[in-house]
Trainee: 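Here it is, the structure, as structure tokens.
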Number of protein chains: 2
Amino acid sequence: MTTPPDARPLRADAARNRALLLAAAADEFAEHGLEASVADIARRAGVGKGTVFRHFPTKDDLIAAIVVDRINDLRTAGEQLLDAEDAGAALLEFLTIAGGQRQQRDLSFLMGSAEWKPDVKRAQAGLFQAVEGLAVRAREHGAVREDVTGTDVFLLMCAPNYVSEYVPNASPDLWQRYLAIIFDGLRPEGAHALPQPPPTL
Amino acid sequence: MTTPPDARPLRADAARNRALLLAAAADEFAEHGLEASVADIARRAGVGKGTVFRHFPTKDDLIAAIVVDRINDLRTAGEQLLDAEDAGAALLEFLTIAGGQRQQRDLSFLMGSAEWKPDVKRAQAGLFQAVEGLAVRAREHGAVREDVTGTDVFLLMCAPNYVSEYVPNASPDLWQRYLAIIFDGLRPEGAHALPQPPPTL
DNA sequence: CGATAAGCGGACCGCGCGGTCAACTTGTTA
DNA sequence: TAACAAGTTGACCGCGCGGTCCGCTTATCG
């Protein structure tokens with residue numbers, strides 16, 4: 001993963017604990033948001049608090065590790081869809097996968113956030129490239145309107161989850177409804193001129 | 001505003017401080033998010049910390065007061081648009097006003113959040129009714145697709161702000177681009193069937 | 001103007017957090 | 001299996017937060 005060439009192999013139990021910790025933290029963050037305490041995460045993982053800080057010098061580093069994992073999963077999925085025949089369907093499927101990762105508001109936001117250490121930025125850049133590829137191919141295929149850029153798609157990626165998170169006892173698939181609406185907005189049919197130029201990242 | 005019939009009039013300076021406090025808190029929350037400290041808010045307003053708690057027994061009460069204000073502003077704007085001739089344009093304008101309120105992620109989220117005290121819920125319900133009215137009229141007018149409900153519009157209301165908040169040095173009007181895209185997704189032309197039924201609140 | 005109570009301020013409190021450390025346990029390796 | 005480094009642990013620390021409280025100030029009104 002994010003191992004600079006210092007590559008000293010982890011002891012077996014340490015590797016297991018690291019994985020337990022990442023999983024526990026992801027769960028805890030999903031339940032209580034980013035203000036979940038490190039102590040709770042440690043308890044959930046069944047390890048001592050000190051162990052957390054041995055693996056991740058800072059709570060932020062722990063969050064960053066989770067974010068990087070998520071980003072990389074998504075990038076892999078995106079890259080595999082780059083050679084699909086129907087570029088429009090591929091983009092829609094990618095966005096469906098992105099929404100399917102049961103995400104928490106804050107975590108999703110951080111995936112795209114700009115203030116990050118270089119290694120997270122690198123992961124973001126990789127994901128962005130994949131999304132850009134999918135978007136461009138879909139546009140060339142006529143499945144997406146001309147005036148929409150890869151950056152637009154990248155930014156809109158998490159919107160369906162945001163929207164559906166307002167609803168208290170919603171179906172866990174409600175986000176698909178809003179993905180469908182937004183995706184219809186990306187289609188060429190019935191598109192109206194956009195009032196603002198596309199941003200760059 | 002939210003004055004139950006206990007209606008004892010506020011002393012002049014107290015009323016002024018209350019207003020200063022609300023403004024300072026809104027600014028501070030916009031800059032630093034909801035974790036802005038009460039002490040900082042008091043300093044910004046030029047009052048002592050105790051004064052904050054005299055007006056708002058709890059930090060949450062302060063947040064609630066701001067949320068209620070925002071909701072009511074928006075409701076008023078929405079209600080005035082209910083008699084517009086072009087219902088489609090009215091809905092779009094309403095959504096433009098909603099986006100134009102310089103909002104912060106957390107605050108926008110709380111405007112729609114379900115866990116609130118009764119008085120905030122009441123304000124939310126009022127806003128919802130206005131949005132519902134605008135949406136229904138736009139649908140009858142043929143400006144919005146048949147399968148979209150008032151609830152959908154209510155939920156999508158803040159999405160453009162969320163989306164554009166990812167961009168570091170964005171134009172402050174970037175959200176308009178995403179409002180346009182999403183609004184195109186609400187139009188009847190080129191609409192595809194939605195995969196999930198509409199939610200209820 | 002003078003009395004009164006509404007309003008103000010900021011030192012103070014306890015709590016829970018992120019982070020440290022030194023004594024202890026355990027996987028690893030020859 | 002012995003010896004050592006890698007890993008673990010939880011008591012501990014300091015800080016900054018939300019919230020309290022009481023002595024002081026000041027708007028209000030007869």
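These figures come from a predicted structure and were not determined experimentally. Computed over heavy atoms, backbone and side chain alike; hydrogens, waters and symmetry mates excluded. Naming convention: chains lettered A, B, ... in sequence-line order (proteins, then strands); numbering from 1 in each chain.
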Trainee: Would you name the heavy atoms of A:L82 and A:G133 that are closest together and state the gap between them?
Mentor: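 Scanning both residues, the minimum pair turns out to be CD2-C, 3.7 Å.
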
Trainee: Given side chains that start at C-beta, do those of B:R145 and B:R187 come closer than 4.5 Å, heavy atoms only?
Mentor: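 A side-chain contact under 4.5 Å is absent here.
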
Trainee: For DNA chain C, which nucleotides open and close the run of contacts to chain A, 5' to 3', at under 4.0 angstrom from a non-hydrogen atom?
Mentor: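 Range of nucleotides within reach of chain A: C:dC17 to C:dT28.
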
Trainee: How far apart are the closest heavy atoms of A:F53 and A:V38, and which atoms are they?
Mentor: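 Smallest interatomic distance, heavy atoms only, reads CE1-CG1, 3.7 Å.
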
Trainee: Does the distance from a Lys or Arg side-chain N to an Asp or Glu carboxylate O, for B:R137 and B:E132, drop under 4.0 Å?
Mentor: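 A salt bridge is absent here (no side-chain N lies under 4.0 Å from a carboxylate O).
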
Trainee: Identify, residue by residue, the members of residues 20-30 of chain A with a heavy atom below 4.0 Å from DNA chain C, and return them in order of residue number, or none.
Mentor: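 Nucleic-acid contacts, sorted: none.
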
Trainee: Decide yes or no for B:L155 and B:P199: does some side-chain heavy atom of the first lie under 4.5 Å from some side-chain heavy atom of the second?
Mentor: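 They are in contact (side-chain heavy atoms under 4.5 Å apart), so the answer is yes.
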
Trainee: Among B:V67, B:I66, B:D60, which residue satisfies the side chain to side chain contact (heavy atoms under 4.5 Å, CB included) criterion with B:L110?
Mentor: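 Option passing the side chain to side chain contact (heavy atoms under 4.5 Å, CB included) with B:L110: B:V67.
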
Trainee: Could you list the donor-acceptor pairs under 3.5 angstrom formed between side-chain atoms of residues 10-26 of chain B and any protein atom two or more places apart in sequence or on another chain?
Mentor:
residue, atom, partner, partner atom, Å
B:R11, NE, B:D13, OD1, 3.3
B:R11, NH2, B:D13, OD2, 3.2

Trainee: Step by step, work out the ring pair (Phe, Tyr, Trp, His ring centres under 6.0 Å) result for A:F109 and B:Y166.
Mentor: CA-CA 8 Å; A:F109 180 77; B:Y166 281 94; 5.1 Å; yes

Trainee: Using 4.0 Å as the upper bound for N to carboxylate O, is an ion pair formed by B:R70 and B:D73?
Mentor: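 Judged by the 4.0 Å cut-off on N to carboxylate O distance, B:D73 and B:R70 do not form a salt bridge.
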
Trainee: Each nucleotide in nucleotides 5-10 of chain D should get exactly one letter: B, S or -. Can you fill that in based on protein heavy atoms under 4.0 Å?
Mentor: -BBBBB

Trainee: Compare all side-chain heavy atoms of A:L95 with those of A:L156 and state whether any distance is below 4.5 angstrom.
Mentor: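 No, their side chains stay 4.5 Å or more apart.
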
Trainee: Quick check for you: to the nearest 0.5 Å, what is the distance between B:D152 atom CG and A:S164 atom OG?
Mentor: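 Output value for this atom pair is 11.5 Å.
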
Trainee: Report the secondary structure of DNA chain C in dot-bracket form, marking unpaired bases with a dot and bases paired to a different strand with |, and treating Watson-Crick or G-U pairs with both distances under 3.5 Å as paired.
Mentor: ||||||||||||||||||||||||||||||

Trainee: Please, which pairs that meet ring pair (Phe, Tyr, Trp, His ring centres under 6.0 Å) have at least one residue in residues 176-201 of chain B, sequence neighbours excluded?
Mentor: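 Every candidate ring pair (Phe, Tyr, Trp, His ring centres under 6.0 Å) pair involving residues 176-201 of chain B fails, so no pair, neighbours aside, qualifies.
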
